[in-house]
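Heads up, the thing below is written out as structure tokens.
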Amino acid sequence: MLATTGAFAAENDIDVVFVVADAADYAAFQSLRRERAQTGATETLIDDLATKIRRGEVSLLLGAGVSIPAGLPTWSQLLGTLKAEMLQDISHDDFESLSVLDRAQLLSKSASPGTLGERVAKVAGAALRPTLAHCLLASLKTAKVVTTNYDTLYEDAFKAAHGDDAISVLPREDADAERSWVLKMHGDVADPASIVLSRRDFVRYDAERRPLGSIVQSLMATGHLLVIGASMTDDNVLRLAHEVLALNERNNRHRTLGTVITLRSDEIRSALWRHDFDYVGVSTSLDDATAARDLEIFLDRIAMSASDEAPFLLDARYRELLDDEEVDLAATLRASAQKVRALSSKGRDRWRMLETILEGLGAGQ
């Protein structure tokens, strides 16, 4: 199937998507795709990020750019929509002359107490389903994710891929060592009162939500932050990053905090964050739709390279994917799994770790 569709796609301007039945199929396809993958200019970067993801070193920071393709507005568009509802007497030009934070502050002053967050939640909750980018990011199964978005699209994609109980939403739910979590840094449509929008909200952020900022800083200080759909202009994110960089400098530590993935190369921001964050543009196209597709392809290649689970190796249904030596090894390991299962309760408990590993490779099928 891969060979046939690959040849077809190479000769025709069309994408091919495989919808597979289970995790074993998914892992098998990704394994075969890695064997056939062509090298490209970004291959070293992709391999480096994939290695960090497999090691559990990567956390995600997702911005509005991830959700805009789902039909949600940019921040400026959101404020324009709210202005049309709430401030019809103010001219468009006068409103646009203010900074986005001041526009939001003006809206806040014009709204009845506690109602602006509800209006924002109504607009931000309008998207019906995640985009391909959300699904590809969810497939990475990153344990720790931060988003400045209000919507639920990332967690919806994650639940669809890994189960309804696979992820917690912070801060309104408890973190669980057995589950991934997503931190809604600027609020959540499920809790309109939590939404951060106006200048005053941002000014009060550190005093009221310092623990949330501390979580983000710990991800920067101890791992690699992969930033997608965010331009690194958010005042809160900037302050948190510079505090971590200042701490590193005081301790004579020089390390890159993460990688910012952008649609196109951004030389000025790349220079601004040199040695602090790596900036990577994934497209050379001036067409936004084409550039967005290039981002999806980039994320797909990361997901392919980062996939290291192999629940098909010991599953006899996939034996044709293995060479002769691997077929013999798989048969031996399946027999070992059967021997472990045949032990007494006490003996099986001693060999539980081996049994778990073998079942993870498909011996339970």
Side-chain angles (χ1 to χ4, degrees), residues 9 13-19 42 46 49 53 58-82 100 120-142 145-162 167 169 182-190 195 197 225-234 237 258-266 269 279-304 306:
D13 187 19
I14 191 170
D15 292 330
V16 178
V17 177
F18 289 98
V19 180
T42 59
I46 289 173
L49 288 174
I53 291 170
V58 169
S59 53
L60 303 180
L61 173 59
L62 308 181
V66 175
S67 293
I68 288 172
L72 291 178
T74 65
W75 198 9
S76 182
Q77 290 169 341
L78 169 64
L79 297 176
T81 298
L82 295 175
V100 287
V120 173
K122 183 178 179 180
V123 176
L128 297 179
R129 58 177 59 89
T131 65
L132 178 57
H134 287 109
C135 296
L136 290 169
L137 290 166
S139 74
L140 300 177
K141 208 173 182 179
T142 308
V145 178
V146 177
T147 179
T148 56
N149 299 335
Y150 312 127
D151 62 76
T152 65
L153 296 178
Y154 174 78
E155 52 264 43
D156 291 344
F158 200 95
K159 290 176 181 179
H162 309 295
I167 191 168
V169 180
V182 55
L183 170 64
K184 308 302 277 289
M185 187 175 176
H186 286 166
D188 187 350
V189 293
I195 288 177
L197 183 68
L225 194 64
L226 182 59
V227 182
I228 301 172
S231 58
M232 294 295 288
T233 57
D234 181 281
V237 175
T259 301
V260 181
I261 305 299
T262 61
L263 290 184
R264 304 176 185 89
S265 295
D266 190 336
R269 295 199 183 279
Y279 261 70
V280 178
V282 297
S283 181
T284 58
S285 174
L286 298 179
D287 178 67
D288 287 345
T290 301
R293 180 181 180 277
D294 289 338
L295 173 61
E296 293 168 349
I297 292 172
F298 182 85
L299 294 176
D300 178 51
R301 292 188 69 85
I302 292 178
M304 176 188 71

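All values derive from a computational prediction rather than experimental measurement. All values below were derived from every heavy atom in this structure, side-chain atoms included, with hydrogens, water molecules and symmetry-related copies excluded. Numbers for residues simply follow the sequence, beginning at 1.
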- Query: Hey, are the side chains of K159 and I167 touching, using non-hydrogen atoms and a 4.5 Å cut-off?
  - Reply: yes
- Task: Write down the atom of A121, the atom of I195, and the distance for their closest heavy-atom approach.
- Result: N-CD1, 3.9 Å
- Message: Checking V237 against M232 for the side chain to side chain contact (heavy atoms under 4.5 Å, CB included) test, could you report, in this order, the C-alpha distance in whole Å, the side-chain angles of both residues, the deciding distance, and whether it holds?
- Response: CA-CA 7 Å; V237 175; M232 294 295 288; 4.1 Å; yes
- Atom CG of L183 and atom OG1 of T148: how far apart are they, to the nearest 0.5 Å? 10.5 Å
- Closest contact, heavy atoms only, V58 versus T142: O-CG2, 3.0 Å
- Message: So, applying side-chain contact (heavy atoms from CB on, under 4.5 Å) with L226, which one of L49, V260, L137 is it?
- Response: L49
- Task: Report the distance from atom CG of N149 to atom OH of Y154, rounding to the nearest 0.5 Å.
- Result: 12.5 Å
- Message: Tell me whether R269 at atom CZ has more than 12 heavy atoms from other residues, nucleotides or ligands lying less than 6.0 Å away.
- Response: yes
- Write down the atom of A9, the atom of V16, and the distance for their closest heavy-atom approach. CB-CG2, 4.5 Å
- State, with a plain yes or no, whether a side-chain heavy atom of Q77 is found less than 4.5 Å away from one of I68. no
- Looking at V227, L61, L225, L62, which one forms a side-chain contact (heavy atoms from CB on, under 4.5 Å) with V146? L61
- Item | From CA spacing to verdict: side chain to side chain contact (heavy atoms under 4.5 Å, CB included), S283, R293 | CA-CA 9 Å; S283 181; R293 180 181 180 277; over 6 Å; no
- Supply the atom-to-atom distance T284 OG1 to L263 CG, rounded to the nearest 0.5 angstrom. 12.0 Å
- State, yes or no, whether a side-chain contact exists between I302 and L136 at a heavy-atom distance under 4.5 Å. no
- Note on the structure: Minimal heavy-atom distance between P73 and V123, with the atoms involved, is CG-CG1, 3.9 Å
- Query: Measuring from D300:CG to I297:CD1, what's the distance to the nearest 0.5 Å?
  - Reply: 8.0 Å
- Candidate pair R264 and D294, rule salt bridge (charged side-chain N to carboxylate O under 4.0 Å, His left out), full reasoning: CA-CA 10 Å; R264 304 176 185 89; D294 289 338; over 6 Å; no
- Residues F158, K141; criterion side chain to side chain contact (heavy atoms under 4.5 Å, CB included); working and verdict: CA-CA 8 Å; F158 200 95; K141 208 173 182 179; 4.0 Å; yes
- Could you tell me the separation between the CG atom of L132 and the CD atom of E296, rounded to the nearest 0.5 Å? 4.5 Å
- For residues I261 and F298, determine if any side-chain heavy atom of one lies less than 4.5 Å from a side-chain heavy atom of the other. yes
- May I ask you to decide if D151's main-chain N or O and K184's side chain share a donor-acceptor pair within less than 3.5 Å? yes
- Item | A124 to L72 - nearest heavy-atom pair and separation | O-CD2, 3.4 Å
- Gap separating the SG atom of C135 from the CG atom of L299, nearest 0.5 angstrom: 11.5 Å
- Item | Minimum heavy-atom distance T152-V189, with the two atoms named | CG2-CG2, 3.7 Å
- Message: Looking at V145, is its backbone amide N or carbonyl O close enough to the side chain of S59 to form a donor-acceptor pair, meaning the two atoms are under 3.5 Å apart?
- Response: no
